[in-house]
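First comes the structure, then the notes that go with it.
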Amino acid sequence: MAMTGVLRPGHVQIRVLDLDEGVRHYRDVMGMEETGRDEQGRVYLKCWDEIDHASVVLRQADRAGLDFIGFKVLNVKTLNQLEADLKEYGVKTERIPAREMLETGERVRFVVASGHTIELYAEKAPHGNGCGGVNPTPWSPQSERGIAPRRLDHALLYGPNIEEVRKLFVDVLGFTLVEHILTPDGKANQVIFLSCSIKSHDIAFGEFPEPGKLHHCSFLMDSWDHVLRAGDIMSMHKVPVDIGPTRHGVTRGCTIYAFDPSGNRFETFKEDRTPYPDHAPLTWTFDGLVGEGGLDYVQRKLHETFLTVVS
Ligand SMILES: O=C/C=C/C=C(\O)C(=O)O
Ligand SMILES: [Fe+2]
């Protein structure tokens, strides 16, 4: 947890072109549990080992992408303090009323320099993970349905001005820069990996001319084996795979990148680092992205789509 009380990415609202297709993907292929639908027609889903009501909200729209990503913070006191800190830093914030999102309290919403909408919230009703809270089981039957990721893990967002975004997340929200990929001239950041925990990243930003773009939302798998099994299930459902199975040199994460029916990239990801905030950030040169396997460690090749395909 960041010293400022930001816990984790708690929800993403993803735009899908066809709601039924989207639900079939996240519920039946990914194996997430549908936990609700609201009067706006949005569909709420959660991963099997998440406690809170939902981590993915699907909204039907005429263009794919990410409406916003929300971070859960420790409590209401922390939420109020962070809103004050954001305002003092010069960020314009707005309050989204409680229950605008099912089972979720007030959200503090703001737009960062890359054009992405970020939210902070303190309250989301628990739904449970099927293991129980007293003498719990180590897993639940839901953990065997479909790809069955443990949780929503992180997102990589593409847009301009990521240096300004880095400063905000580090100086105000208390995130740590864990790894970064430099631009070809080595003078700036191409991609930054930021953590509010001891994960390799809770959110990442890549420099990109168009604001507000989604590179991928990522879901945590337990092992290489589970990532490979996810690949089998993607193939069974003809899910278009983008990169992998492979390991990223950056973050060491074992990965498959693929696309949902709307063309939103998602990732099945096995974490393999536990960086603490006192660790110095790891640096990747741009040619390290290719030559040293930064993107694809096994094949040591750059997949153009990593730099160009967003939703
Ligand atoms: O070189 C690119 C690395 C991308 C890393 C991830 O998407 C990840 O670690 O989840
Ligand atoms: Fe990722």
Side-chain angles (χ1 to χ4, degrees), residues 8-9 12 14 30 47 55-56 66 69 114 116 147 149-159 162 166 169 175-184 186 188-208 213-224 226-227 230-231 234 241-260 264-275 279 281-311:
R8 62 177 175 273
V12 287
I14 299 175
M30 295 298 284
C47 298
S55 58
V56 168
L66 184 78
I69 182 169
S114 55
H116 296 98
I147 288 174
R150 206 172 260 278
R151 66 165 185 246
L152 169 71
D153 191 77
H154 64 267
L156 171 55
L157 308 179
Y158 267 25
I162 67 169
R166 184 195 63 75
F169 271 80
F175 282 62
T176 305
L177 177 71
V178 172
E179 299 201 36
H180 57 145
I181 304 170
L182 300 179
T183 47
N189 283 324
Q190 185 77 41
V191 190
I192 54 176
F193 296 81
L194 301 167
S195 180
C196 58
S197 59
I198 56 168
K199 290 158 54 183
S200 61
H201 52 321
D202 287 285
I203 192 164
F205 289 91
E207 193 68 31
F208 192 74
K213 292 301 177 186
L214 171 65
H215 186 278
H216 66 272
C217 287
S218 186
F219 297 88
L220 182 74
M221 307 307 293
D222 285 343
S223 68
W224 242 127
H226 284 80
V227 172
M234 291 178 203
V241 169
D242 176 25
I243 300 177
T246 188
R247 180 199 288 274
H248 293 305
V250 184
T251 81
R252 300 183 189 164
C254 306
T255 179
I256 297 177
Y257 280 158
F259 295 101
D260 77 6
N264 295 305
R265 189 190 276 105
F266 71 96
E267 180 179 38
T268 50
F269 171 81
K270 154 75 177 99
E271 178 68 89
D272 202 6
R273 278 203 69 190
T274 47
H279 296 171
L282 301 180
T283 301
W284 288 82
T285 58
F286 192 81
D287 51 29
L289 192 60
V290 188
E292 303 303 324
L295 174 60
D296 179 339
Y297 194 69
V298 175
Q299 296 190 69
R300 287 181 176 248
K301 66 185 259 196
L302 177 65
H303 304 257
E304 266 315 298
T305 54
F306 177 74
L307 294 173
T308 59
V309 176
V310 293
S311 61

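Each ligand, and each atom within it, is numbered from 1 in the order the structure gives.
With 2.8 Å as the limit, His216 counts as an N, O or S neighbour of the Fe ion (ligand 2). Backbone or side-chain N, O or S atoms of His154 reach the Fe ion (ligand 2) at under 2.8 Å.
Counted by atom type alone, Trp284 and Glu179 present one or more donor-acceptor pairs between their side chains at under 3.5 Å. Side-chain contact of His216 with Ser218: a donor-acceptor pair under 3.5 Å is absent, judged by distance alone.
Contact check on Asp222 versus Arg150 returns a salt bridge, with a Lys/Arg side-chain nitrogen under 4.0 Å from an Asp/Glu carboxylate oxygen.
Atom CD1 of Ile256 and atom CD1 of Ile147 lie 7.5 Å apart (nearest 0.5 Å). With rounding to the nearest 0.5 angstrom, the CZ atom of Phe193 is 5.5 Å from the NE2 atom of His201.
Within Glu267, the N, O or S atom at minimum distance from the Fe ion (ligand 2) carries the name OE1.
Annotation: Tyr257 is in aromatic contact with His215 [ring centroid separation under 6.0 Å].
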TODO: Start with the C-alpha distance between Phe306 and His248, add both sets of side-chain angles, then the distance that settles ring-ring contact (aromatic ring centres under 6.0 Å, His included), and finish with yes or no.
DONE: CA-CA 12 Å; Phe306 177 74; His248 293 305; 7.3 Å; no

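The protein residues lying under 4.0 angstrom from ligand 1, judged by non-hydrogen atoms, are His154, Ile181, Phe193, His201, His216, His248, Val250, Thr251, Tyr257, Glu267, Phe269, Leu289, Gly294, Leu295, Phe306.
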